[in-house]
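Each chain gets a letter, A, B and so on, in the order the sequences are listed, and its residues count up from 1. FYI, side chains are in, hydrogens and waters are out, and symmetry mates aren't considered; it's all heavy atoms of this structure.
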Number of protein chains: 2
Amino acid sequence: MRDFSGDHRWLSINTATLRGAGTLDTIIAACVRQGVRAISPWRDQVHAIGFERTAELVRGHGLELSGYCRGGMFPAIDAAGRRAALDDNRRAVDEAKQLEAACLVLVVGGLPGALAGARQSKDLFAARRDVRDGIAATLEYAKSVGMPLAIEPLHPMYAADRACVNTIEQALDLCEALDPRPDDDTAGAPGALAALGVAVDVYHVWWDPKLEAQIARAGRARLHAFHVCDWLVPTRDLLNDRGMMGDGVIEIPRIRAWMEAAGFAGYSEVEIFSAENWWKRPADEVVATCIERHRSAV
Amino acid sequence: MRDFSGDHRWLSINTATLRGAGTLDTIIAACVRQGVRAISPWRDQVHAIGFERTAELVRGHGLELSGYCRGGMFPAIDAAGRRAALDDNRRAVDEAKQLEAACLVLVVGGLPGALAGARQSKDLFAARRDVRDGIAATLEYAKSVGMPLAIEPLHPMYAADRACVNTIEQALDLCEALDPRPDDDTAGAPGALAALGVAVDVYHVWWDPKLEAQIARAGRARLHAFHVCDWLVPTRDLLNDRGMMGDGVIEIPRIRAWMEAAGFAGYSEVEIFSAENWWKRPADEVVATCIERHRSAV
């Protein structure tokens, strides 16, 4: 396993971690000031300062993108809704490509309307069909431009409103069904990503009794991203009470060891949704803490 | 599938559903007044009015117990803690037996100390070892007195503090390891329960992509209990914001159909933790609503 204790060469900052600290240019400036070499930006933050401005900043600072957040949200109550989702995913692929992101992260969506608090369906099977069809269509386009897609299984507590893909096993079943020959994607290139893989976020999967086995099953070509934060005890909010690495109960180094044993050698991306704590702190403090914990607790 | 629309013959009330309505005698009186034939009481509520008083009420009203809540909480930081848990589980088995409960429900426990907000370990593997050993020891005693044990897989959001068994698949793996020949337990009696089985609570498992297959795998002899409530959108609290059947997104009849296709023919037990809604209402209103929704939404 790589030794992270001496530097933060392999740290990436997901810009959601600094949602409270200002706009994306402020966040990027804080990252650059402290020698962070990679980020993973969210589209709403990108669009808020403008895509071209973002691209200038990324290129100007020589930043790598460990991922681009996010595509997905495929299920809809009617054909028009599904078509709109596909169009938006196509734009997300294009943006990820222009920024040379390692992958486009897919948060696949849940029951139509649920995220807005007004569900239009209880049919989890229909939602999962929409997800499968949506990924298939997006994958075709993403392959044509060479942008790997990363399905992010979300914690089962988000099955209703954010993602009805909830385990790595389920995500890999989708990968194998929709992209059955990853070796064709990568042409055997060392370290190359399959066209369709998974983003492993410890927050979403740490509880899974099959986690080690499924990471091994994924293998190098399907492990597109590794996200870290921590599970706090108690957790006071389903969405926005995630912890800084080391402050909760997840044995992050154990999971990273499984990732690396399977061949993953990419960035460890810090993604923390924390409305009452980290989002209230200044950018420099948050980035400094991410660096410290990356070295001591990841 | 059984038709529940015409009566509430197969309704059981888990007494946690009426936590706000008073002591157990008040809760039982409300159930009896409205013709509920079965309950599943919690030990703290039983002990608050006295075990003998509870036994009198149960026998006097001819109530059946669809389960007894709860044993489990096996993981501990040291041998003394594990021994204390085993002693407590033995007492729970005895109480369940004296009340002629259908099964003792096991909420197996999570990381030691986490439920008290002061975790003493992050080692999920050690916790799962304690759970396995604790169930094995309790099973030996429970078999000797003829009390079936029901492992209740809890939603993964409780993995840290309440139960590190989080899917039916994981629970059934334990059943098969610790009680490999359920036919020996039941001696082929129709409807008889294996010594070790599962309690399927729709709230905990509705999201699981393998749910239908794992219910079928369990089969008649290992399906010890069926708990219902609903998943609200949004859910505002991890523990105590569960919904009345029909108010959320779970397709309960679909899951009940899978249970019955596998041979389950027991009670549908309503268990709702709802600090801000149902626990604030009078017992008669809650029971009446459970009856109505049992007929229309289960």
Side-chain angles (χ1 to χ4, degrees), chain A residues 110-128 153-167 169-171 173-174 203-212 230-239 241 246 248-255 297, chain B residues 110-128 153-167 169-171 173-174 203-212 230-239 241 246 248-255 297:
Chain A
L111 299 170
L115 189 58
R119 66 167 168 79
Q120 299 151 317
S121 160
K122 291 188 184 189
D123 192 339
L124 197 56
F125 286 73
R128 286 174 172 157
L154 292 205
H155 194 285
M157 68 186 172
Y158 305 119
D161 52 7
R162 283 185 167 74
C164 58
V165 172
N166 305 104
T167 62
E169 182 174 31
Q170 185 188 5
D173 287 349
L174 274 169
Y203 190 79
H204 298 304
V205 301
W206 73 277
W207 59 272
D208 186 348
K210 304 177 87 170
L211 181 55
E212 180 179 8
D230 215 333
W231 182 278
L232 298 177
V233 173
T235 292
R236 300 181 193 283
D237 183 85
L238 273 78
L239 184 63
D241 192 24
V249 300
I250 304 177
E251 289 193 299
I252 302 170
R254 186 175 335 215
I255 300 175
Chain B
L111 300 170
L115 190 57
R119 65 167 168 80
Q120 300 151 317
S121 160
K122 290 187 183 190
D123 191 340
L124 197 56
F125 285 73
R128 286 175 172 157
L154 292 204
H155 194 285
M157 69 186 171
Y158 305 120
D161 51 7
R162 283 185 168 74
C164 58
V165 172
N166 304 102
T167 63
E169 182 174 32
Q170 185 189 6
D173 287 349
L174 274 169
Y203 190 79
H204 297 303
V205 302
W206 73 278
W207 60 272
D208 186 348
K210 302 177 87 170
L211 181 56
E212 181 178 9
D230 216 334
W231 182 279
L232 299 176
V233 173
T235 292
R236 300 182 193 281
D237 183 84
L238 273 77
L239 184 63
D241 192 26
V249 300
I250 304 177
E251 289 192 300
I252 302 171
R254 183 167 348 205
I255 300 175

Just how far is it from atom [atom1] of [X] to atom [atom2] of [Y], taken to the nearest 0.5 Å?
X: B:Asp123; Y: A:Arg254; atom1: CG; atom2: CZ; result: 5.0 Å
X: A:Thr167; Y: B:Asp208; atom1: OG1; atom2: CG; result: 7.5 Å
X: A:Leu124; Y: B:Trp207; atom1: CG; atom2: CH2; result: 11.0 Å
X: A:Asp237; Y: B:Leu238; atom1: CG; atom2: CG; result: 8.0 Å

Pairs of heavy atoms under 4.5 Å with chain B: top-ranked of A:Pro209, A:Gly117, A:Gly110: A:Pro209
Measure the shortest side-chain to side-chain distance between [X] and [Y] over non-hydrogen atoms and say whether it is less than 4.5 angstrom.
X: A:Trp231; Y: B:Met157; result: yes
X: B:Thr235; Y: A:Tyr158; result: no
X: A:Lys210; Y: B:Gln170; result: no

[X] versus chain A, the contacting section by heavy-atom distance below 4.5 Å:
X: B:Leu232; value: neither
X: B:Leu111; value: side chain
X: B:Ser121; value: neither

Geometric class of the A:His155/B:His155 ring pair [parallel <30°, tilted 30-60°, perpendicular >60°]: parallel
Taking every non-hydrogen atom, the tightest pair across B:Asp230 and A:Lys122: OD2-NZ, 4.4 Å
Chain A interface, residue from B:Ala118, B:Gly248, B:Ala114 that has the most non-hydrogen pairs under 4.5 Å: B:Gly248
For chain A, the option from B:Val165, B:Asp161, B:Val249, B:Asp173 that forms the most heavy-atom pairs under 4.5 Å: B:Val249
